[in-house]
K.L.:
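Submitted below is the structure of interest, expressed as structure tokens.
The shown structure was predicted, so the numbers you read here are calculated from the model rather than taken from an experiment. Atom set for the values below is all heavy atoms of this structure, side chains included, hydrogens, waters and symmetry mates excluded.
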Amino acid sequence: MAAVASAELLALAWTFSLLLGSRILPRIFGNAKVAGAPRWRSVSSLGTQWVVFPWCYFRGAAIGERLFIYVFALYMLFDFVIVKLDVLLIVHHIFCLLGHVLVCVYEPIGLPTYFAGVVALEMGSGCMNQYCVYPLWAGGAPLYMVGMSISNVAGLYFAYKWCLLPISPWTKLLNVLITVIMVFLRQKSCRKYITHGPYTSH
């Protein structure tokens, strides 16, 4: 019970920091559209992608898993409220939320595998966001390309591990399909943004 309460308090603290950041960061980093979302949102996402999600994973147990369930859902849902997303990002978020509900509600036995896959994919998204914030930094593009590629391979690996779980074949098919489509689109966008710059529209 204490672990559940701690996870919920941490989720509230994360929500507060996100909402506070949505008021402060636009003044510092601006609202220019970068890779489909405002530049300040790339900044606010980095802490969640490179710190919060990995911490949740390595913390594990009741606190880490429960906090991840809350934060990942809120992370996606808040974007529909606090920023104006491009169509591709809207589709991305809908697929993410669909997969999240599918695992957390209907196939909780698969949570550890799904959890690892999401953390791996979000690390790659963090590589994209650092490039969106500082596209002129010499190391930004290589970090984005390498980090995103490794992240996508890891995502496919965990999708394979998902297929080995004793769960419904329909659930396996749906989540693997979502993962493969997302990985393809992520790698395609990576190549486009590095070639033409992150300010290129979809």
Side-chain angles (χ1 to χ4, degrees), residues 2-22 25 29 35 37 40-79 89 92-93 95-97 99-104 107-134 137 139-162 165 175 178-179 182-183 186-187 189-190:
V4 172
S6 297
E8 290 174 349
L9 286 173
L10 287 170
L12 283 173
W14 177 88
T15 300
F16 176 77
S17 69
L18 175 69
L19 294 176
L20 183 63
S22 71
L25 293 176
F29 294 94
W40 70 265
R41 186 66 179 109
S42 293
V43 178
S44 70
S45 295
L46 278 169
T48 300
Q49 293 164 330
W50 280 359
V51 179
V52 177
F53 288 148
W55 181 88
C56 288
Y57 181 74
F58 289 109
R59 178 65 177 79
I63 293 179
E65 287 188 354
R66 197 171 185 89
L67 180 60
F68 163 73
I69 290 170
Y70 287 138
V71 170
F72 188 72
L74 291 169
Y75 178 62
M76 295 293 154
L77 289 170
F78 270 122
D79 270 356
L89 278 177
H92 167 271
H93 282 28
F95 275 131
C96 285
L97 288 168
H100 197 62
V101 171
L102 192 66
V103 175
C104 297
E107 297 287 5
I109 190 176
L111 182 59
T113 303
Y114 164 74
F115 192 176
V118 170
V119 172
L121 290 170
E122 286 298 325
M123 292 293 286
S125 295
C127 291
M128 180 191 76
N129 282 322
Q130 63 78 30
Y131 177 64
C132 291
V133 177
Y134 297 112
W137 175 51
L143 177 58
Y144 178 22
M145 174 61 80
V146 174
M148 179 60 77
S149 299
I150 293 173
S151 167
N152 286 335
V153 170
L156 292 174
Y157 168 75
F158 286 113
Y160 163 73
K161 296 287 285 184
W162 174 263
L165 295 173
N175 259 10
I178 289 173
T179 302
M182 286 178 55
V183 162
R186 282 157 53 97
Q187 200 67 31
S189 293
C190 178

K.L.:
Please find the pair of heavy atoms, one from Pro54 and one from Val51, that lie closest to each other, and give the distance.
P.N.:
CD-O, 3.4 Å
K.L.:
Got Leu111 and Ile69 here, is their nearest side-chain heavy-atom distance under 4.5 Å?
P.N.:
yes
K.L.:
Kindly give the heavy-atom pair with the smallest separation between Leu89 and Ala37, and that separation in Å.
P.N.:
CD1-CB, 3.9 Å
K.L.:
Which residues pass the side chain to side chain donor-acceptor pair (under 3.5 Å) test with Ser17, not counting sequence neighbours?
P.N.:
none
K.L.:
Is the backbone N or O of Ser151 less than 3.5 Å from a side-chain atom of Arg186, with the two atoms forming a donor-acceptor pair by type?
P.N.:
no
K.L.:
Apply the test side-chain contact (heavy atoms from CB on, under 4.5 Å) to residues Arg66 and Val71: give CA-CA distance (whole Å), side-chain angles for both, the deciding distance (0.1 Å), then the verdict.
P.N.:
CA-CA 9 Å; Arg66 197 171 185 89; Val71 170; over 6 Å; no
K.L.:
For Gln130 versus Cys127, what's the shortest heavy-atom pair and its separation?
P.N.:
NE2-O, 2.8 Å
K.L.:
When rounded to the nearest 0.5 angstrom, what is the spacing between CG in Asn152 and CD in Gln187?
P.N.:
5.0 Å
K.L.:
Does a side-chain heavy-atom distance below 4.5 Å link Phe78 with Leu19?
P.N.:
yes
K.L.:
Determine the minimum heavy-atom distance between Ser44 and Leu25, stating which atoms define it.
P.N.:
CB-CD1, 3.6 Å
K.L.:
Is it true that a side-chain atom of Glu107 and a backbone atom of Leu102 form a donor plus acceptor pair closer than 3.5 Å?
P.N.:
no
K.L.:
Could you work out, with side chain to side chain donor-acceptor pair (under 3.5 Å) as the rule, every residue matching Tyr144, not counting sequence neighbours?
P.N.:
none
K.L.:
Is any side-chain heavy atom of Tyr114 closer than 4.5 Å to one of Leu165?
P.N.:
no
K.L.:
Give the minimum heavy-atom separation between Ala159 and Thr179, together with the two atoms involved.
P.N.:
CB-CG2, 4.0 Å
K.L.:
Mind checking what makes side chain to side chain donor-acceptor pair (under 3.5 Å) contact with Trp40, not counting sequence neighbours?
P.N.:
Asn31
K.L.:
Evaluate the side-chain proximity of Met123 to Phe53: yes if any heavy-atom separation is below 4.5 Å, no if none is.
P.N.:
no
K.L.:
Return all side-chain donor-acceptor pairs below 3.5 angstrom for residues 57-64, not counting sequence neighbours, or 'none' if the list is empty.
P.N.:
none

K.L.:
For the CZ atom of Phe95 and the CD1 atom of Ile178, what is their distance to the nearest 0.5 Å?
P.N.:
6.0 Å
K.L.:
Can you check whether Leu12 reaches Tyr70 side chain to side chain, under 4.5 Å on heavy atoms?
P.N.:
no
K.L.:
Begin from the C-alpha positions of Tyr131 and Met145 and carry the test side-chain contact (heavy atoms from CB on, under 4.5 Å) through to its verdict.
P.N.:
CA-CA 10 Å; Tyr131 177 64; Met145 174 61 80; over 6 Å; no
K.L.:
Roughly how far, to the nearest 0.5 Å, is OH of Tyr157 from OG1 of Thr113?
P.N.:
9.0 Å
K.L.:
Less than 4.5 Å apart, any side-chain heavy atom of Phe72 and any of Cys56?
P.N.:
no
K.L.:
With sequence neighbours left out, what residues match Ile150 under side chain to side chain contact (heavy atoms under 4.5 Å, CB included)?
P.N.:
Val146
K.L.:
When you measure from the side chain of Glu122 to the backbone of Val119, do you find a donor-acceptor pair of N or O atoms at a distance under 3.5 Å?
P.N.:
no
K.L.:
With sequence neighbours excluded, what pairs up with Thr48 under the side chain to side chain donor-acceptor pair (under 3.5 Å) test?
P.N.:
Trp14
K.L.:
side-chain contact (heavy atoms from CB on, under 4.5 Å) for Trp55 and Leu67? Distances and angles first, verdict last.
P.N.:
CA-CA 10 Å; Trp55 181 88; Leu67 180 60; 3.8 Å; yes
K.L.:
Taking the side chain as every heavy atom from C-beta outward, state whether Tyr75 and Gln49 have any atom pair closer than 4.5 Å.
P.N.:
yes
K.L.:
So which atom in Met128 and which in Ala35 form the shortest heavy-atom distance, rounded to 0.1 Å?
P.N.:
SD-CB, 4.4 Å
K.L.:
Report yes if the side chains of Asn129 and Val43 come closer than 4.5 Å at any heavy-atom pair, otherwise no.
P.N.:
no
K.L.:
Determine whether a donor-acceptor pair (N or O, by modelled atom type, separation under 3.5 Å) exists between the side chain of His100 and the backbone of Cys96.
P.N.:
no
